[in-house]
Structures are given as structure tokens and as C-alpha cells.
Peer 1: 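I'd like to ask you about the structure that follows.
Below, chains carry the letters A, B, ... as their sequence lines are ordered, and counting in each starts from 1.
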Amino acid sequence: MAIEKKDIAKRIAKELKNGFYVNLGIGIPTLVANYVPKEIEVEFQSENGILGMGPFPIEGKEDADLINAGKQTITSLAGASFFDSAMSFAMIRGKHVNLTILGAMEVSENGDISNWKIPGKLVKGMGGAMDLVASAENIIVAMMHVNKKGYSKLLPKCNLPLTGLKCVKRIVTELAVIDITPQGFFLVEHAPGVSINEIKDATAGKLIIPNNVPEMQF
Amino acid sequence: MAIEKKDIAKRIAKELKNGFYVNLGIGIPTLVANYVPKEIEVEFQSENGILGMGPFPIEGKEDADLINAGKQTITSLAGASFFDSAMSFAMIRGKHVNLTILGAMEVSENGDISNWKIPGKLVKGMGGAMDLVASAENIIVAMMHVNKKGYSKLLPKCNLPLTGLKCVKRIVTELAVIDITPQGFFLVEHAPGVSINEIKDATAGKLIIPNNVPEMQF
Amino acid sequence: MVNKTVKSVTKALDGINSGMTLMFGGFGLCGIPENSILELVRLGVSDLRCISNNAGVDNFGLGLLLQQKQIKTMIASYVGENAEFERQMLSGELEVILTPQGTIAEKCRAAQAGIPAFFTPAGFGTEVAEGKEIRLFHGKNYIMEEAYQADFAFVKAWKGDETGNLIFRGTARNFNPLMCGAAKITVAEVEELLPVGALDPNQVHIPGILVNRIFQGSGYEKRIEQRTIRNI
Amino acid sequence: MVNKTVKSVTKALDGINSGMTLMFGGFGLCGIPENSILELVRLGVSDLRCISNNAGVDNFGLGLLLQQKQIKTMIASYVGENAEFERQMLSGELEVILTPQGTIAEKCRAAQAGIPAFFTPAGFGTEVAEGKEIRLFHGKNYIMEEAYQADFAFVKAWKGDETGNLIFRGTARNFNPLMCGAAKITVAEVEELLPVGALDPNQVHIPGILVNRIFQGSGYEKRIEQRTIRNI
């Protein structure tokens with residue numbers, strides 16, 4: 001019994017620290033904004049040019065000039081700022097963004113990530129993902145543990161074209177929280193109702209399992 | 001009988017064309033702003049961060065936050081803009097400024113310029129001069145034909161440390177208007193009351209003298 | 001003041017020819033130069049090399065140029081919203097050069113600023129780095145990227161004045177400021193064209209020196225791609 | 001919102017040590033971080049490596065640090081307004097690295113933007129190019145310049161809010177925005193510190209993410225170097 005996508009987002013929200021600037025990718029990462037712990041202050045950056053991004057607008061208040069990187073209508077909070085794409089990627093490349101949360105198709109034992117291209121299928125493009133993974137010092141991947149065909153997405157080596165090298169620090173899936181260590185994947189937490197063996201079976205890369213694996217809290 | 005500094009500025013003002021963006025150096029070049037022909041519109045850029053620079057303020061209206069590259073108090077005209085130094089040099093390096101007018105200590109036959117350093121004396125620095133001369137497509141030098149010791153400033157080769165290579169297009173002095181050509185200095189105009197021989201004597205570099213040298217108008 | 005105003009989009013696009021390299025501001029459909037795109041459709045110029053973060057949707061934005069098969073090469077970071085784009089790319093009619101978003105931004109800014117090349121970490125170790133110079137700085141690998149060279153840049157601003165000063169609005173700013181002065185000719189269309197002196201010089205986002213032609217745009221649709229609301 | 005406010009200049013300079021590399025905004029005496037400079041004088045830290053377009057005048061701006069012999073190395077483009085500077089430079093007490101103004105600006109901006117190096121034509125063929133890599137792009141020679149690495153950046157803005165957003169005024173903007181986020185810690189002092197929400201997000205010059213500490217400055221002298229008026 002794995003957890004839901006919103007629970008992955010909830011778990012990741014616990015990684016937020018007071019004062020963090022955070023860039024959220026499309027999909028599960030976007031949900032993280034809904035679960036910021038009340039006692040901390042963070043600001044969300046969207047790479048199309050806003051810092052201090054707020055929730056979706058109420059009906060009738062949509063503004064075509066105010067969207068996020070997923071092209072969704074958004075709002076801005078007090079203290080927000082708008083800026084051009086060069087400044088936006090200055091923030092990213094210059095390591096001013098503290099945490100990047102993004103989806104992935106594959107992650108390898110050494111932290112390589114593939115999330116932009118499936119050969120032979122439609123290529124949508126990398127958007128800002130290559131800039132983000134090449135620079136972010138703290139990258140958490142939010143994804144399903146296995147793909148739709150049932151194959152593990154945690155691999156010894158990525159099969160798909162790479163987005164970035166040795167950059168992922170932590171992975172949160174519906175089954176587990178896993179860190180990238182010099183020795184390989186390291187099992188940090190298991191999801192409620194998920195056995196260590198289930199996680200092991202769903203992980204193609206080398207998985208280090210400590211004696212005591214706590215249950216994921218969210 | 002040579003002309004005065006303000007006449008050098010007046011003569012250079014005739015080089016201005018409608019729609020030009022112009023950067024004026026310190027000294028004689030600054031005076032050019034006083035003689036813009038009435039029938040044309042130009043805008044002055046100062047590399048510390050203003051486009052649309054106006055005249056000096058009237059007494060009591062000086063603003064410490066509004067100065068030119070010579071640190072003088074200035075005003076801004078309608079349509080002006082303020083910007084940071086990276087944008088300012090983007091304008092210069094990106095060849096968006098149409099004409100640069102600056103002073104020089106020496107200019108060589110091939111258009112090299114020296115204007116920032118005299119070895120053994122106090123070095124003040126190049127300020128923005130190296131950026132300007134490396135990028136400007138149209139550089140006019142305003143200077144005296146000879147230095148205080150009586151030596152020519154128009155040389156076969158610069159003796160002083162260079163500011164930039166092969167960049168000067170035209171020189172206007174108290175004696176003459178001289179162009180830089182692949183063959184050397186070319187005498188374009190002589191100042192009123194100044195003989196061709198005087199100019200020849202004051203020019204150490206190779207001077208090409210056409211059959212007909214018109215008198216400088218200003 | 002130098003006057004950059006042209007009376008119509010037709011005058012603004014004077015000199016456009018087939019085979020040219022064109023830059024387009026906008027992110028998705030947000031902040032795109034709608035009037036200039038429609039005029040390019042009308043002119044029917046072809047074999048265009050387009051630099052734009054995205055390629056519009058099927059029936060709006062650059063999608064309109066794709067429908068008419070006017071684009072030969074597309075340089076973009078993300079093109080997932082356009083079925084006709086997909087068809088032309090898979091059939092080989094359209095050349096696509098996918099480039100990281102921050103690298104597109106910086107290559108535009110480099111062109112604007114007279115910087116011929118710079119180093120970025122984006123794409124190191126990926127196919128984006130293939131054929132490019134790699135260099136180590138302070139223990140990290142970077143790719144050398146060169147400034148774009150383009151013939152026209154089309155940008156869209158919120159307010160502008162007759163001397164070409166521009167102010168953008170919200171996230172419609174995006175790539176627009178970076179493309180000003182990054183091509184031989186920059187054409188700015190604005191929602192509101194104001195007389196010189198109407199803009200606060202301290203709040204101008206792009207000084208007029210980076211704009212060659214400015215015109216009052218009309219009929220802005222400002223289509224929203226993903227209208228998303230919250231339930232309260 | 002993330003709160004960047006510190007209550008005093010002393011708190012703002014916490015962590016400053018002798019031997020550090022410091023950036024200072026300002027052009028001449030215009031837009032300099034007066035409060036931070038005075039605090040550095042008070043702290044008496046020495047052997048500083050300073051990056052600033054100018055070096056102040058004898059009894060104001062960075063000239064105050066020079067008087068106390070706190071500066072070991074000065075990186076600037078123009079230093080001609082300071083007799084004590086001249087004396088220390090000629091005597092060899094002070095190392096001076098003269099750098100073209102646009103190159104200083106771009107090296108700061110590169111540090112801010114995570115660009116380790118870029119190419120510029122400024123200084124090609126001069127002693128500025130000595131020991132640096134030269135490369136030809138499109139028939140023109142360029143010098144490779146690397147981003148600055150600094151410990152603290154001190155900037156001065158007109159208005160700021162508690163989350164560090166900054167707005168500059170007139171030509172006091174100059175190098176200040178480029179130094180934000182270009183050092184490990186950026187300290188902004190402002191003439192007017194406002195609550196979050198007081199600034200229009202469309203008019204913010206520097207987003208707060210690039211500022212680590214912000215404080216309400218006091219006692220600004222805003223000295224004018226060359227008071228020049230016109231006769232009417």
C-alpha cells in the first residue's frame with residue numbers, strides 16, 4: 001500500500017527550512033506549496049520570472065500576464081518581485097535558490113537525472129531543468145518509484161538522455177525516501193504499509209538498507 | 001593662430017547626425033553638448049548610468065544622485081532613463097552607442113589611442129575608456145595637436161601605454177581635422193589662419209595632404 | 001529625444017525577408033508580440049530561423065507561423081504544447097535546436113551586451129554539450145556558449161514611449177527585455193504608447209537605445225494557456 | 001516572506017574579518033554605502049581587498065579606509081581623486097589592479113549570475129590583457145575575464161523592504177545592483193526601509209533573494225564631488 005502523490009508532496013514539504021527560496025517543478029513538486037509548515041517562511045521562485053509566487057487566483061481574477069513556469073495562472077504575494085529571464089537564471093545559476101524540487105524519469109545511484117527526453121517519442125524539451133540541476137546545491141526529486149511499465153526509475157545508470165550529472169541529493173517516492181550517497185542509494189524512510197522488500201524489489205540500483213528504517217511521516 | 005577649445009567642440013558637433021546616441025568623454029568632448037545643431041535630435045549617454053542626459057542644473061537644484069561620468073551634477077531630459085553599470089556597458093560593448101567623443105594623450109597613424117596612463121606619473125585609471133574604444137564603431141578624438149612640452153600627439157606609433165588598437169576614426173585639434181586612413185593620417189580640414197606647414201610640423205606621424213584642403217567651418 | 005515611432009506594424013517589419021533569424025519575446029503565450037507575429041503570417045516570409053523559448057500553440061503565437069510552414073529552424077527550450085510542431089519535427093520538415101532556458105536567456109543577453117561568449121554549467125554531461133568547448137573553473141565543468149546573431153527581435157511591452165523606452169508587466173517580461181538590442185533591428189509593440197516624458201526614468205526596464213522601432217499594438221488577445229483557479 | 005532585516009549596521013557586518021575581499025557599490029561618491037564604510041572604519045579590519053569602481057576622496061568614502069591603511073589591494077577603474085591613495089600606491093603600500101569600468105561591472109554581474117567567465121573586447125592589445133586568454137570571435141579579438149569572488153558586498157539603495165527587495169535612485173544605481181548576490185554575503189543599506197508589500201513588484205530593481213541583510217541607514221551625507229551648475 002503506497003502513499004498518494006499529495007503525501008509525497010507533504011513529505012517533501014518537511015524538507016523546507018525557514019528562509020528558503022524554493023523552485024518547484026511541474027507535477028507533484030507544484031503540490032508542495034500547499035503543505036508549507038505554518039511556523040516557517042519560504043518564498044517560491046518560478047523561473048519564468050517571479051519571486052514570491054502565491055496560490056492560484058480565485059475565479060475571475062486570472063491575469064494573462066501572471067503565470068508560473070507551467071503556464072498556469074497564479075497570484076503574487078506581498079513582497080513579490082517580477083524580473084526578466086536572465087535575472088531569473090542568475091538566481092538559479094548563481095546558487096541563490098536554496099532548494100529545487102523536480103520530477104524525473106530516471107535517477108541513477110550517483111545522482112544523475114534524466115527527465116527531458118525519451119528517444120523515439122515526442123521531445124518536449126528541457127525548459128529550465130538543465131539550468132536548475134546543473135547549479136542547485138540541494139535537489140530533491142519527487143517521482144513514482146517505478147514507471148508505467150513497471151520498471152524501476154532508480155537505476156545503476158540512467159538509460160535515457162541525461163539532464164544533469166551527480167546532482168540529485170534525495171528522492172521521495174510513493175514507497176520511500178532515498179538519499180544519494182557515495183556508496184549508492186541509501187534507504188532513509190519507508191512509506192507507511194510498505195515493506196523493505198517491496199522497496200528493494202522496486203529499486204534496480206544498489207540500495208543500502210540500514211538496520212533501522214523509520215516510517216515516513218507527513 | 002589656432003582655434004579655441006570651444007571651437008573644437010563646435011566643429012565636432014557638426015559630426016552629429018539625427019538619431020545618434022553619443023557618449024562624451026571628460027574635457028573638450030563635454031563641451032560638444034552645447035553645440036548640437038538645432039535641426040537634429042541626439043541623446044547623450046553617460047556610462048555611469050543615464051541616457052538622455054541634460055545640461056548642468058540651475059543653482060539649488062543639484063542632486064547628489066544625478067551625476068555624469070565626470071562626477072559633475074547634471075539633469076535628465078524628458079525621455080531619459082537610468083540603469084545599472086552592466087546595462088550601461090551593454091550599450092557600449094553591444095555597439096548601441098553611435099558615436100564616442102573622447103580626449104587622448106596620443107593617437108597613432110593606424111588609429112591606436114593612448115589616454116589613460118603616463119608611466120612614472122600618477123595613474124588615474126582608464127575608467128570606461130577601454131570599453132568605449134574597444135567597441136565604438138565611430139570614435140572621434142578631441143585634443144590639442146601637441147602636448148604641453150611641444151611634442152606632437154599624432155605619432156607613427158604611440159609611446160604611452162595603449163588604451164585601444166586601431167579604433168580612432170577622426171581627430172579634431174586646434175589646428176586641423178585629420179582622418180585615420182589605411183595610408184596614415186589624412187588632412188581633411190585646416191583651422192582658420194593655420195597653414196598646412198604648421199599642421200605638418202605639428203604632426204609626427206605620416207600626414208597625407210591632398211591638393212585641396214578646405215578650411216574648418218564651425 | 002530620438003523618435004522611434006512607426007505608424008503601423010507593416011512599417012515596423014520593413015526589411016523582413018525569408019531566411020532571416022528572428023527572436024521572439026514571450027514565455028508560452030505570455031508576453032508574445034502578437035501583432036508582429038500576425039504580420040509575419042500576412043507577409044508569408046519563409047525559411048525562418050526562430051529563437052523563442054516556446055513555439056506557441058497550434059492556432060496562436062508562433063503556432064500560426066508553423067501552420068503556414070514558415071519556420072525552418074526552431075531554437076527553443078520547451079515545445080510540448082503544439083501538435084503541428086510535433087508533426088513537422090517528427091517528419092523532419094522542421095529543424096529543432098533544444099536549448100536550456102537559462103542558456104537561451106543568457107545568449108540573448110550576451111548578444112545585447114556585446115559579449116561574444118560565456119560559460120554556463122547548464123547541460124554539462126548531456127547531449128546539449130556535444131561539440132562544445134568544456135572548461136573547468138574552480139573544480140566544476142562549464143560549457144562555452146556563444147551569443148545569438150539575429151536579424152530582427154520582436155518584443156512586446158506593456159507601456160512604451162516614443163523614444164523606445166519600455167516597461168513590462170508581471171511575468172510577461174520574461175525574455176522580452178533580453179532580446180532588445182540583441183538583433184540588428186529590434187521591433188517593440190506596446191499595449192500603450194505614451195509621449196516622451198510620460199515614463200519615470202527610474203522605472204524604465206529597457207532604455208530606448210535598445211529599440212529601433214516602436215508601435216502601438218492593437219487587438220491583444222493575451223490568451224491564457226492553463227487557466228487555473230483555486231477553490232475557496 | 002523571508003525577513004532580511006537586521007537592526008544595526010554592526011549586526012549587518014557580523015562575520016567581517018581582516019583579509020577579506022569586499023565589494024562596494026557606488027560611482028565616485030554617488031550611491032556609496034556610507035554606513036557600512038563607517039562601520040568598517042570603526043571595526044578596524046585590515047588587509048582588505050576592495051572591489052569598487054573608485055576609491056573615494058581623501059576624507060570620505062573608501063578614502064576613510066585608506067587613511068586607516070585598512071586596504072591592501074584596490075581593484076578599481078579610476079582612482080584619480082585621492083591624494084592619500086596616490087601616496088600609498090607610489091610607495092608600494094597599496095596594490096592597485098586597474099580594470100576597465102565595463103569589465104568590473106560584468107565581472108560582478110557574472111558572479112551574481114553564476115557565469116564563471118566571459119569574453120570582452122575591452123583592453124585587447126593593452127596591458128590589461130597581459131596574461132589573459134585571447135580569443136577571436138567573428139574576426140575580432142576578445143579577452144577572457146573571470147567572475148569576481150568576494151566575501152561581502154556592500155550596496156546602498158534608495159528604498160528597500162524587509163525581504164530585501166531594492167529600488168535605486170537616478171545614477172546612484174550604478175554598480176550597486178550588480179554586486180547584490182555577487183559575494184557570499186550581501187549587505188544592503190537603504191535610505192528608507194519599508195514593510196513588505198510597500199514596493200510595486202513590477203518596479204523592484206533587485207529581488208530580495210540577492211540580499212542577505214538589509215538595514216535602515218542613517219545620517220547620509222551624500223556628498224557631491226563636482227558641484228556644477230549652469231548660468232541662466
Side-chain angles (χ1 to χ4, degrees), chain A residues 30 46-50 53-76 80 82-93 112 114 116-117 120-135 161-167, chain C residues 27-31 53-54 76-81 85-86 89-90 96 98-106 108-109 112 120-128 140-143 158 168-178 205-206 220-232:
Chain A
T30 302
S46 194
E47 65 267 27
N48 59 313
I50 177 174
M53 180 167 50
F56 299 133
I58 56 171
E59 192 160 7
K61 292 289 183 187
E62 309 91 330
D63 181 344
D65 291 339
L66 195 43
I67 63 169
N68 66 17
K71 281 96 176 178
Q72 296 169 309
T73 43
I74 53 162
T75 56
S76 65
F82 305 123
F83 36 83
D84 65 47
S85 304
M87 172 56 89
S88 184
F89 284 90
M91 293 175 187
I92 290 166
R93 232 189 284 101
D112 294 352
S114 298
W116 74 285
K117 186 178 183 178
K121 287 209 178 184
L122 174 61
V123 174
K124 295 196 170 192
M126 69 292 280
M130 282 192 183
D131 305 274
L132 282 159
V133 302
S135 296
L162 292 172
T163 309
L165 298 183
K166 297 180 190 172
C167 52
Chain C
F27 179 91
L29 301 178
C30 182
N53 189 61
N54 311 89
S77 85
Y78 192 82
V79 293
E81 294 106 348
F85 186 97
E86 179 176 358
M89 182 170 64
L90 293 176
V96 179
L98 287 167
T99 306
Q101 190 176 336
T103 300
I104 293 180
E106 199 64 17
C108 291
R109 194 261 168 189
Q112 174 189 72
T120 176
F124 171 73
T126 77
E127 62 186 62
V128 163
K140 182 168 175 168
N141 283 296
Y142 295 83
I143 302 171
W158 178 35
F168 304 89
R169 183 169 175 276
T171 57
R173 195 184 310 187
N174 55 65
F175 290 84
N176 284 296
L178 312 173
H205 292 142
I206 282 293
Y220 284 107
E221 190 174 331
K222 296 178 75 165
R223 201 183 288 188
I224 293 175
E225 255 177 283
Q226 306 281 346
R227 190 176 299 272
T228 318
I229 55 166
R230 71 173 181 269
N231 300 312
I232 34 169

Peer 1: Specify the closest pair of heavy atoms between C:G102 and A:R93, including all atoms of both residues, with the distance to one decimal.
Peer 2: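 Heavy-atom minimum between the residues: O-NH2, 3.4 Å.
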Peer 1: Has the side chain of A:T73 got a donor or acceptor atom that lies under 3.5 Å from a matching backbone atom of C:T228?
Peer 2: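 Yes; at least one donor-acceptor contact below 3.5 Å.
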Peer 1: Looking at C:M89, C:E86, C:R173, C:K140, which has the largest count of heavy-atom pairs under 4.5 Å with chain A?
Peer 2: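 Sorted descending by pairs with chain A, the first entry is C:R173.
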Peer 1: Which atom names give the shortest non-hydrogen contact between A:A86 and C:A105, and what distance separates them?
Peer 2: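 Heavy-atom minimum between the residues: N-CB, 3.9 Å.
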Peer 1: Name all residues meeting the side chain to side chain contact (heavy atoms under 4.5 Å, CB included) criterion together with C:E225; count only those two or more places apart in sequence or in a different chain, and write none if there are none.
Peer 2: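 So C:E225 forms a side chain to side chain contact (heavy atoms under 4.5 Å, CB included) with A:K71, C:L29, C:V57, C:E81.
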Peer 1: Picking from C:R169, C:E106, C:R109, which has the most non-hydrogen pairs under 4.5 angstrom with chain A?
Peer 2: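 Answer, by heavy-atom pair count under 4.5 Å with chain A: C:R169.
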Peer 1: Using a 4.5 angstrom heavy-atom cutoff, name the option from C:V79, C:L90, C:T99, C:L178 with the most pairs to chain A.
Peer 2: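 With the most close heavy-atom pairs to chain A, the winner is C:L178.
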Peer 1: Find out whether C:R230 and A:I58 are in side-chain contact, i.e. whether some heavy atom of one side chain is under 4.5 Å from a heavy atom of the other.
Peer 2: yes
Peer 1: Let's go through A:F89 and C:T120 carefully: what are the C-alpha distance in whole Å and the side-chain angles of both, what is the deciding distance for side chain to side chain contact (heavy atoms under 4.5 Å, CB included) to 0.1 Å, and is it a yes or a no?
Peer 2: CA-CA 11 Å; A:F89 284 90; C:T120 176; over 6 Å; no
Peer 1: Give the minimum heavy-atom separation between C:I224 and A:D63, together with the two atoms involved.
Peer 2: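 Looking at all heavy atoms of both residues, the closest pair is CD1-C, 4.4 Å.
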Peer 1: So A:D131 and C:Q101, do their side chains get closer than 4.5 Å, heavy atoms only?
Peer 2: yes
Peer 1: Could I get the full list of side-chain hydrogen bond (donor to acceptor under 3.5 Å, both in side chains) partners for C:E127, not counting sequence neighbours?
Peer 2: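 Once residues adjacent in sequence are excluded, the partners of C:E127 under the side-chain hydrogen bond (donor to acceptor under 3.5 Å, both in side chains) criterion are A:K117.
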